[in-house]
Amino acid sequence: MKIAVVGATGLVGTQMLQVLKNRKFPVTELIPVASERSVGNKIEFDGKSYRVHSMQEAIDAVPDIAIFSAGGSVSLEFAPKFAEKGTIVIDNSSAWRMNPNYKLVVPEVNAHELHNLNENDKIIANPNCSTIQMVVALNPLHQKYKIKRVVVSTYQSVTGTGKAAVDQLMSERKGETGNKVYPHPIDLNVLPHIDVFLENGYTKEEMKMILETKKIMCDDSIQLTATAVRIPTMGGHSEAVNVEFENDFDLKEVREILSNSEGIIVQDNVSKFEYPMPIHSEGKDEVFVGRLRRDDSQKNTLNMWIVADNLRKGAATNAVQIAEYLVKENLLKTKTV
Ligand SMILES: NC(=O)C1=CN([C@@H]2O[C@H](COP(=O)(O)OP(=O)(O)OC[C@H]3O[C@@H](n4cnc5c(N)ncnc54)[C@H](OP(=O)(O)O)[C@@H]3O)[C@@H](O)[C@H]2O)C=CC1
Ligand SMILES: N[C@@H](CC(=O)OP(=O)(O)O)C(=O)O
């Protein structure tokens with residue numbers, strides 16, 4: 001299968017290549033794409049060296065699938081150009097997610113929606129990283145107990161901001177002055193600020209979590225509020241999640257449901273200090289859940305702690321899982337409307 005990876009030199013793109021290889025995705029021809037700065041450079045994939053292509057070269061090659069991780073403006077401009085030629089685009093940016101004409105997919109939750117792809121929705125949106133890991137854990141519990149309201153606070157890795165942010169953290173750590181992507185120091189600090197501030201006082205990251213969750217879980221009745229926070233860590237995003245259900249639950253049953261759900265690993269043995277941590281989620285494809293406990297201040301309410309590698313399940317792994325599903329279900333050739 002001919003696969004273009006747009007943004008192949010970035011943090012997400014690098015993981016994308018790794019995940020395609022690790023999961024043995026049937027890549028017969030790889031077309032790595034990056035900005036004009038990188039065209040002609042070489043990157044490695046599965047032991048072979050590949051030339052970085054320009055966007056136009058990749059469009060003209062008409063790949064079966066193009067996976068985009070190069071930012072929203074690049075996706076807005078170029079994803080339709082691939083789609084027009086018949087390529088299915090899986091887009092990691094926020095550009096198309098809330099557009100009602102396009103699907104927003106976390107395979108564990110709503111892969112079934114991919115069966116309705118048609119000529120007009122060849123762009124499939126990959127959700128926000130913080131949202132993906134949260135809905136993987138929430139959905140099986142929603143099916144059983146029906147969620148009324150979610151209160152989430154995130155603790156997000158600097159890798160979510162890209163290469164330049166990792167460089168800022170590392171240079172601050174060495175006491176060097178370098179380029180700053182955050183408006184304040186990030187080392188030894190915590191920033192209650194991810195993406196831009198909106199008129200309602202929330203950040204765009206917080207609103208993505210609220211709106212995307214309702215779309216993926218196909219339920220506008222779920223009430224959510226979020227505070228998104230950047231912390232000086234790598235390896236994954238963490239989330240403290242408080243969930244109120246319509247129906248009461250049994251904690252033992254909650255553990256069983258989560259343990260038996262696809263893509264989730266429960267790590268919840270406080271007697272041995274076992275709980276999810278980003279240092280352990282790095283490079284993993286699963287969502288880790290722990291600190292499961294009842295919120296005694298309110299009926300039918302659960303507290304939990306959710307961790308996942310934002311570059312893997314939060315981005316690359318989810319995108320590759322979408323591609324795998326399209327291949328497995330023979331959905332790559334979309335229906336003409
Ligand atoms: N699903 C999710 O939640 C996540 C999504 N993302 C998305 O992925 C994007 C990339 O993130 P990340 O890898 O961390 O960022 P990086 O800054 O590490 O990498 C950006 C990549 O995009 C490429 N690029 C930039 N401009 C262009 C252009 N005009 N044409 C083609 N390629 C271009 C860069 O190429 P070069 O090396 O030549 O500059 C590089 O490969 C984000 O902007 C976001 O949209 C990211 C994290 C999580
Ligand atoms: N906002 C995420 C990364 C990202 O790029 O998200 P999005 O794809 O929703 O813009 C973070 O900073 O951790």
Side-chain angles (χ1 to χ4, degrees), residues 4-19 31-41 43 52-59 66-79 81-82 90-98 104-106 124-135 154-168 179 181-182 186 191 193-196 203-213 216 226 228-231 233-239 278 308-322:
V5 174
V6 178
T9 54
L11 287 187
V12 177
T14 304
Q15 286 300 318
M16 198 69 73
L17 298 174
Q18 197 66 49
V19 172
I31 308 167
V33 181
S35 76
E36 291 300 329
R37 293 180 293 277
S38 306
V39 172
N41 290 352
I43 58 147
V52 174
H53 289 61
S54 70
M55 193 73 85
Q56 194 56 50
E57 286 177 306
I59 294 167
I67 309 180
F68 269 65
S69 317
S73 56
V74 175
S75 295
L76 275 178
E77 183 175 355
F78 293 104
K81 298 193 168 141
F82 280 88
I90 302 172
D91 182 41
N92 262 303
S93 82
S94 56
W96 307 95
R97 290 178 191 152
M98 291 314 297
L104 181 64
V105 176
V106 176
I124 301 161
N126 205 55
N128 164 265
C129 41
S130 310
T131 309
I132 293 176
Q133 66 183 69
M134 184 172 71
V135 298
T154 70
Y155 304 69
Q156 296 184 220
S157 160
V158 291
T159 56
T161 320
K163 281 184 292 202
V166 176
D167 292 346
Q168 174 173 344
N179 288 339
V181 290
Y182 299 121
I186 184 63
L191 309 180
H193 171 187
I194 296 186
D195 211 326
V196 294
T203 62
K204 192 169 169 203
E205 183 82 356
E206 291 160 351
M207 290 313 297
K208 283 185 258 186
M209 294 187 76
I210 293 167
L211 299 173
E212 291 182 22
T213 298
I216 300 159
V229 180
R230 184 78 62 198
I231 62 166
T233 192
M234 314 254 287
H237 289 352
S238 307
E239 297 171 345
D309 185 334
N310 51 302
L311 299 179
R312 300 282 289 220
K313 183 56 187 165
T317 304
N318 199 72
V320 173
Q321 285 174 317
I322 292 172

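One-based numbering, in listed order, for ligands and for the atoms of each. All residue numbers refer to positions in the sequence shown, counting from 1.
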At a non-hydrogen distance cut-off of under 4.0 Å, which region of [X] contacts ligand 1 (side chain, backbone, both, or neither)?
X: P127; answer: backbone
X: R37; answer: side chain
X: V12; answer: both
X: R97; answer: side chain

Among [options], closest by any non-hydrogen atom to [atom]:
atom: atom 32 (N) of ligand 1; options: G7, P32, S35; answer: S35
atom: atom 22 (O) of ligand 1; options: A34, A70, S38; answer: A70
atom: atom 42 (C) of ligand 1; options: A165, A316, G71; answer: G71

query = Heavy atom of V33 under 4.0 Å from ligand 1?
reply = no

task = For the pair F68 and S93, evaluate side chain to side chain contact (heavy atoms under 4.5 Å, CB included) and give the outcome as yes or no after the intermediate values.
result = CA-CA 7 Å; F68 269 65; S93 82; over 6 Å; no

note = Close residues (non-hydrogen atom under 4.0 angstrom from ligand 2) work out to N92, R97, N128, C129, Q156, G160, I194, E205, K208, R230, H237

request  = Compute whether any side-chain donor of one residue and acceptor of the other, for N128 and E205, lie under 3.5 angstrom apart.
outcome  = yes

query = Between K313 and Q321, do the side chains contain an N or O donor and an N or O acceptor separated by less than 3.5 Å?
reply = yes

